[in-house]
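Reckoned from all heavy atoms, side chains included, excluding hydrogens, waters and symmetry mates.
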Amino acid sequence: MAATVSFKVPSPHGPQSVTVDYARVGRGEPLLLLHGIGHHRQAWDPVVDILATERDVIAVDLPGFGASPGLPAALSYDLATTSAVFAGLCEALELDRPHVAGNSLGGLIALELGRERLVRSVTALSPAGFWSEAERRYAFTVLLAMRGIAVRMPLPVVDRLSRSAAGRTALTSTIYARPGRRSPEAVVAETLALVNAPGFEATLRAGGSVRFTDDVPGIPVTVAWGTKDRLLLRRQGVRAKHAIPKARLVRLPGCGHCPMNDDPALVARVILDGSR
């Protein structure tokens, strides 16, 4: 069920009101799902029903993405602020240290929440922050190009392309290894989400200096990487394992950067196993 919640987040200029859109379904221990930059919570749709059989699933639109409005001017899109936003969200929804799974930017945020002991387990799918400087520049260049193309492409063209497997490949093959499996409606919706994302540029700017180098001790951590990730190359998973020695490093055969759509059953199993 989709819903909206508002809460206060501290800032140097006093408490600021933040509003977050989310969908909640299922029963069991709470599990937050966090998407990547330019995406929206519907990126998790292929796995939500599976996860909901064992978890109370809360799929969130990050501030400035999907249906969530951008942050107030007094708040930045850096990692510390984003962590404070999710601490406030958990308090507002009365979630006591939920499990969290995140993809890309969402994976980085999930690891930061784990480092701050705000969650009880972390599953990070192709998380940002383990790149070399050259890899970061490459990823940011691709992301900016994707957004630029989406902004310039008329909606009727997007709609027409989405109706063939070849068109869906042209639109989404950067993030999916099996783009033909994505529905036309989902491809149109996520293209619009990329276009209409007020937090995109500020989030990208804030990410320019981000490196995740700390351990995440005391809680279960799973880092999973698609073997066909074309945005954040899978060797970054080895760096994640070096930074977080006790993490479980999982290979996702045949999956791209957003593996939830490429192999829903495998990704759901990885998340459930990692959140026991």
A side-chain contact here means heavy atoms from C-beta on lying under 4.5 Å apart; do Ile271 and Trp44 qualify? yes
Any heavy-atom pair between the side chains of Glu29 and Ser275 that's under 4.5 Å? no
Quiz question: by atom type and distance under 3.5 Å, do the side chains of Arg182 and Thr172 form a donor-acceptor pair? no
Take Asp21 and Thr4 through the test side-chain hydrogen bond (donor to acceptor under 3.5 Å, both in side chains) and record every step on the way to the result. CA-CA 4 Å; Asp21 193 88; Thr4 300; 3.2 Å; yes
Before giving the answer on side-chain contact (heavy atoms from CB on, under 4.5 Å), spell out for Ser83 and Leu113 the whole-Å C-alpha distance, their side-chain angles and the decisive distance to 0.1 Å. CA-CA 6 Å; Ser83 294; Leu113 295 175; 4.2 Å; yes
Side-chain heavy atoms nearer than 4.5 Å, only ILVMFWY residues, links allowed to pass through others: does that put Val57 and Val20 together? no
Heavy-atom count check: over 12 atoms from other residues, nucleotides or ligands less than 6.0 Å from Glu133 CD? yes
Inter- and intrachain pairs under ring pair (Phe, Tyr, Trp, His ring centres under 6.0 Å), touching residues 211-230, at least two apart: Phe130-Phe212
CA sep, side-chain torsions, deciding dist, call: Thr174, Arg230, side-chain hydrogen bond (donor to acceptor under 3.5 Å, both in side chains): CA-CA 6 Å; Thr174 303; Arg230 298 174 58 190; 5.4 Å; no
More than 12 heavy atoms from other groups under 6.0 Å of CG on Asp49: no
Could you tell me whether the side chain of Pro217 reaches within less than 4.5 Å of the side chain of Arg117, counting heavy atoms only? yes
Contacts under 3.5 angstrom, residues 140-153 side chains, donor-acceptor by atom type, not counting sequence neighbours:
residue	atom	partner	partner atom	Å
Thr141	OG1	Arg137	O	2.8
Arg147	NE	Glu201	OE2	3.1
Arg147	NH1	Leu194	O	2.6
Arg147	NH1	Val195	O	3.2
Arg147	NH2	Glu201	OE1	3.4
Arg147	NH2	Glu201	OE2	3.1
Arg152	NH1	Gly148	O	3.3

Going by heavy atoms in the side chains, are Ile58 and Arg24 under 4.5 Å from each other? yes
Would you say the side chain of Lys228 lies within less than 4.5 Å of the side chain of Asp262, judging by non-hydrogen atoms? no
Determine whether Leu62 and Ile109 make a side-chain contact, defined as any pair of heavy atoms from C-beta on separated by less than 4.5 Å. yes
